[in-house]
Amino acid sequence: EPEVTQTPSHQVTQMGQEVILRCVPISNHLYFYWYRQILGQKVEFLVSFYNNEISEKSEIFDDQFSVERPDGSNFTLKIRSTKLEDSAMYFCASTRQGSSYEQYFGPGTRLTVT
Amino acid sequence: QKEVEQNSGPLSVPEGAIASLNCTYSDRGSQSFFWYRQYSGKSPELIMSIYSNGDKEDGRFTAQLNKASQYVSLLIRDSQPSDSATYLCAVLTGANNLFFGTGTRLTVIP
């Protein structure tokens, strides 16, 4: 069964550094999402992406964040200058166009900013 | 301000019993609802989706939706210790992203 994959599983970085989190969505899916979950808190929407552009973004997704689909398979989230409060699990999700919008999540990347 | 409310628990049930998980939402225009299971340290795993009023059954799981009361529930029959997890209620927004509740932690006691 196809799955969303994410790399790395754990990323440790120093405050102010740039990080890139990578995702490979399910191959026939066309809508892609990033969510994050701070430890002990709820899952929060960051951004959605369709047809090579951002569809929607939350208040969390400020100018420090960007997304890209550099090729036909990868979907990346970049944080330009990480802050301590960016420490969280970051989940990529995808869904098929015209489906019931069931979103399937990847295993996540644990980002630790020190 | 969208709200999805869940009792944080923990909810403890004996093995073999029915676990009942509840969720209310504030946006009356919401049409699509989802239950995810999240084991500690893992990602959300889709269990059920429901779009119409009434019940939807899948194996040991039954989702119930009442749009008039803005209420969604998940029943787990014949609960197993492996069902012990946090159950997340999620509502699809008009922008087609998911708005999650804080989750209910379920413990099934052998």
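Side chains included, hydrogens not; waters and symmetry mates left out as well; all remaining heavy atoms used. No experiment lies behind these values; they were computed from the predicted model shown. In what follows, every chain begins at residue 1, and chains take the letters A, B, ... in the order their sequences are listed.
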More than 12 foreign heavy atoms under 6.0 Å from [atom1] of [X]: is that the case here?
X	atom1	answer
A:Lys57	NZ	no
A:Glu3	CD	no
A:Asp63	CG	no
B:Arg105	CZ	no

For the residue pair A:Tyr35 and B:Phe100, establish whether any side-chain heavy-atom pair is separated by less than 4.5 Å.
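Heavy-atom side-chain distance check passes, below 4.5 Å.
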
Is there a side-chain contact between B:Leu92 and A:Gln103 (heavy atoms, below 4.5 Å)?
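Sidechains of A:Gln103 and B:Leu92: in contact.
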
Linking I/L/V/M/F/W/Y whenever their side-chain heavy atoms sit closer than 4.5 Å, directly or via other members, would [X] and [Y] fall into one cluster?
X	Y	result
A:Val4	A:Val24	no
A:Tyr90	A:Tyr31	no
B:Val108	B:Leu75	no
B:Leu98	A:Phe32	no
B:Ile50	B:Val91	yes

Measure centre to centre between the rings of A:Phe105 and B:Tyr36, then say whether the value is under 6.0 Å.
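Centroid separation for A:Phe105 and B:Tyr36: below 6.0 Å.
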
Quick one: pull up [atom1] in [X] and [atom2] in [Y] and give me the separation to the nearest 0.5 Å.
X	Y	atom1	atom2	value
A:Lys42	B:Leu88	NZ	CG	11.0 Å
A:Thr95	B:Asn97	OG1	CG	12.0 Å
A:Ser48	B:Asn96	OG	CG	8.0 Å

Which one of A:Tyr104, A:Phe91, A:Tyr33 has the most heavy-atom pairs closer than 4.5 Å to chain B?
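Between A:Tyr104, A:Phe91, A:Tyr33, the count favours A:Phe91.
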
Under 4.5 Å, counting heavy-atom pairs only, tell me which of A:Gln41, A:Gln37, A:Arg110, A:Met89 racks up the most with chain B.
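Looking at each option in turn, the highest pair count goes to A:Gln37.
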
Listed by residue number, which members of residues 73-86 of chain A have a heavy atom under 4.5 Å from any heavy atom of chain B?
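The list, in residue order, is empty: none.
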
Please state whether the side chain, the backbone, both or neither of A:Glu44 comes within less than 4.5 Å of a heavy atom of chain B.
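Neither part.
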
Residue-level interface, residues 39-48 of chain B with chain A, non-hydrogen cut-off under 4.5 Å
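The list, in residue order, reads B:Gly41, B:Lys42, B:Ser43, B:Pro44, B:Leu46.
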
